[in-house]
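Report on the structure given below.
Convention: sequence-line order gives letters A, B, ...; per-chain numbering from 1. What you see is a predicted model; the values in this text were computed from it and never measured.
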Number of protein chains: 2
Amino acid sequence: MPEPVNATAAALLGLLRDGPASGYDLYQRAASELGDFWTVTRSQVYRELTALAERGLVTTGEAGARARRDVALTDEGARAFADWLASDPVGEVVRIPLLLRLAFADALPEARLRDMLAGARAAHAARLAEYEEVERAAQEAGAGDRDLVTLRFGLRYERAVLAWLDEDVRRL
Amino acid sequence: MPEPVNATAAALLGLLRDGPASGYDLYQRAASELGDFWTVTRSQVYRELTALAERGLVTTGEAGARARRDVALTDEGARAFADWLASDPVGEVVRIPLLLRLAFADALPEARLRDMLAGARAAHAARLAEYEEVERAAQEAGAGDRDLVTLRFGLRYERAVLAWLDEDVRRL
DNA sequence: TGGAGCATGTAATGAGTTACATGATTGG
DNA sequence: CCAATCATGTAACTCATTACATGCTCCA
């Protein structure tokens with residue numbers, strides 16, 4: 001059994017099913033199609049593509065304008081993607097800097113704490129509003145539930161955070 | 001202005017306010033007191049402690065049993081902690097492997113998908129139950145809202161994920 | 001026609017995980 | 001008294017972010 005690919009590499013393979021693309025393209029598509037709950041940076045894209053090419057899971061085409069080089073999925077790459085896709089989804093990460101600070105709230109000046117909470121509230125409310133707007137637009141455009149599943153997670157997440165801020169954190 | 005410390009290092013400084021401790025102690029305390037939304041590994045603890053010692057933010061004591069070496073907070077370390085604590089909480093990370101797979105659900109065999117969702121549901125339900133149990137115990141022990149704020153976040157998060165699984169993902 | 005901004009990629013650094021090693025304790 | 005387990009730490013590796021460099025395009 002060959003070494004399994006990591007999730008970021010697998011995501012790139014998955015995107016490449018739609019046809020060859022440059023690292024830059026893949027980066028853009030990942031940002032827009034994979035959503036806020038699986039982010040990748042450009043550097044990661046290039047690193048993973050290099051590694052995938054070395055393993056023969058993608059092939060690298062000729063250089064085009066601006067050093068652009070398209071890569072394409074190989075059969076072996078498609079197989080590696082399918083294996084990853086069926087593998088157990090492990091490694092959920094939720095990391096909340098605000099929560100870490102609240103653990104030490106005793107040492108935090110009252111006023112600064114209030115500011116911080118207000119800032120967090122505003123940021124999450126803004127993201128919620130953004131998601132709601134995207135949902136509205138998607139529904140008008142006739143998107144199905146399948147397309148909205150990530151968005152729905154985002155909506156629930158942001159609402160949960162806001163409820164927590166308003167109902168649980170408020171009383172401090 | 002000195003280079004600010006990173007969040008993991010800051011957490012260790014924060015814990016050291018209660019008195020000197022070994023890396024191992026700090027690791028244990030971080031795991032139990034900082035909760036599931038800011039995890040650190042043992043290796044991180046030692047790496048950060050080394051770096052903190054080089055910067056004079058902690059001092060390293062003599063070796064005890066089993067190569068144990070306690071470190072203690074310096075005044076400068078306490079200042080660095082306070083600075084970090086008051087700084088803006090940036091860098092929230094939420095990373096959901098299941099969501100990434102759902103983005104490619106078209107290529108996933110029906111049965112495997114169902115399994116995967118069932119597994120996720122079970123895992124989150126178990127964590128929710130665990131949190132509820134901790135909450136019950138804490139309340140009996142007379143813990144205040146201040147102590148429970150992290151836990152409350154966990155409760156809301158797990159409930160939101162379960163609702164998402166049951167109400168939004170179900171229909172696929 | 002030149003400079004503002006987009007496209008494309010690399011290098012350097014930082015953070016996080018896994019695997020390894022080894023010395024104390026302790027219960028059977 | 002020795003085997004299992006706990007305590008303690010290091011090394012190697014993978015993953016992720018930030019900073020940098022440079023070539024195109026296009027429009028003012």
List, one per line, each side-chain donor-acceptor pair under 3.5 Å for residues 25-33 of chain B, sequence neighbours excluded.
{"from": "D25(B)", "atom 1": "OD2", "to": "S22(B)", "atom 2": "N", "distance (Å)": "3.2"}
{"from": "D25(B)", "atom 1": "OD2", "to": "S22(B)", "atom 2": "OG", "distance (Å)": "3.3"}
{"from": "D25(B)", "atom 1": "OD2", "to": "R68(B)", "atom 2": "NH2", "distance (Å)": "2.5"}
{"from": "Q28(B)", "atom 1": "NE2", "to": "Y24(B)", "atom 2": "OH", "distance (Å)": "2.9"}
{"from": "R29(B)", "atom 1": "NE", "to": "E33(B)", "atom 2": "OE2", "distance (Å)": "2.8"}
{"from": "R29(B)", "atom 1": "NH1", "to": "L15(B)", "atom 2": "O", "distance (Å)": "3.0"}
{"from": "R29(B)", "atom 1": "NH2", "to": "D18(B)", "atom 2": "OD2", "distance (Å)": "2.6"}
{"from": "R29(B)", "atom 1": "NH2", "to": "E33(B)", "atom 2": "OE1", "distance (Å)": "3.2"}

Sequence neighbours left out, what passes side chain to side chain contact (heavy atoms under 4.5 Å, CB included) with [X]? Give chain and number order.
X	answer
P20(A)	D70(A), A72(A)
T41(B)	S43(B), Q44(B)
I96(A)	V94(A), L98(A), L99(A), Y157(A), F37(B), E92(B), F153(B)

Item checked: Apart from V93(A) itself, residues in the same hydrophobic cluster as defined by side-chain heavy atoms under 4.5 Å ->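 When side chains under 4.5 Å apart are linked, the cluster holding V93(A) also contains V93(B).
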
Whole angstroms only, please: what is the [atom1]-[atom2] distance between [X] and [N]?
X	N	atom1	atom2	value
Y27(A)	dT10(C)	OH	C1'	15 Å
R69(B)	dT8(D)	CZ	P	12 Å
R68(B)	dA7(D)	CZ	P	11 Å
E3(A)	dT18(C)	CD	P	13 Å
Y46(B)	dT17(C)	OH	P	16 Å

Item checked: Test salt bridge (Lys or Arg N to Asp or Glu O under 4.0 Å) applied to R127(A) - qualifying residues, sequence neighbours left out ->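 For R127(A) the salt bridge (Lys or Arg N to Asp or Glu O under 4.0 Å) partners, ignoring immediate neighbours, are D36(A), E158(A).
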
Notebook entry, point to check: Tell me, for nucleotides 13-19 of chain D in 5' to 3' order, what letter each nucleotide earns: B for a base near a protein heavy atom under 4.0 Å, S for only sugar-phosphate near one, - for neither?
Noted result: --SBBB-

Side-chain donor-acceptor pairs under 3.5 Å in residues 81-90 of chain A, sequence neighbours left out?
{"from": "S87(A)", "atom 1": "OG", "to": "W84(A)", "atom 2": "O", "distance (Å)": "2.6"}
{"from": "S87(A)", "atom 1": "OG", "to": "R101(B)", "atom 2": "NH2", "distance (Å)": "2.9"}
{"from": "D88(A)", "atom 1": "OD1", "to": "R112(B)", "atom 2": "NH2", "distance (Å)": "2.9"}

Distance-only criterion, 3.5 Å: show the donor-acceptor pairs between side-chain atoms of residues 47-54 of chain B and protein atoms not counting sequence neighbours.
{"from": "E48(B)", "atom 1": "OE1", "to": "N6(B)", "atom 2": "ND2", "distance (Å)": "3.4"}
{"from": "E48(B)", "atom 1": "OE2", "to": "N6(B)", "atom 2": "ND2", "distance (Å)": "3.3"}
{"from": "T50(B)", "atom 1": "OG1", "to": "Y46(B)", "atom 2": "O", "distance (Å)": "2.8"}

Check: Does CG belonging to D75(A) count more than 12 external heavy atoms closer than 6.0 Å?
Finding: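 Incorrect, the count does not exceed 12.
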
Margin query: Any residue in residues 12-26 of chain A with a heavy atom nearer than 4.0 angstrom to DNA chain C? Just list them by number, or reply none.
Written below: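 Contacting residues: S22(A), G23(A), Y24(A).
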
Note to self: Heavy atoms within less than 4.0 Å of DNA chain C: which residues of residues 79-90 of chain B have one? Give them sorted by number.
What the structure shows: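 Hits under 4.0 Å, by residue number: none.
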
Checklist line | Residue from E130(B), H124(B), E132(B) passing side-chain contact (heavy atoms from CB on, under 4.5 Å) with L128(B) | finding: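 Between L128(B) and the candidates, side-chain contact (heavy atoms from CB on, under 4.5 Å) is satisfied uniquely by E132(B).
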
Sequence neighbours left out, cut at 3.5 Å: what donor-acceptor pairs do the side chains of residues 160-169 of chain A make with other protein atoms?
{"from": "W164(A)", "atom 1": "NE1", "to": "V149(B)", "atom 2": "O", "distance (Å)": "3.1"}
{"from": "D166(A)", "atom 1": "OD1", "to": "R121(A)", "atom 2": "NE", "distance (Å)": "2.8"}
{"from": "D166(A)", "atom 1": "OD2", "to": "R121(A)", "atom 2": "NE", "distance (Å)": "3.3"}
{"from": "D166(A)", "atom 1": "OD2", "to": "R121(A)", "atom 2": "NH2", "distance (Å)": "2.7"}
{"from": "E167(A)", "atom 1": "OE1", "to": "R156(B)", "atom 2": "NH2", "distance (Å)": "3.1"}
{"from": "D168(A)", "atom 1": "OD2", "to": "R156(B)", "atom 2": "NE", "distance (Å)": "2.7"}
{"from": "D168(A)", "atom 1": "OD2", "to": "R156(B)", "atom 2": "NH2", "distance (Å)": "3.4"}

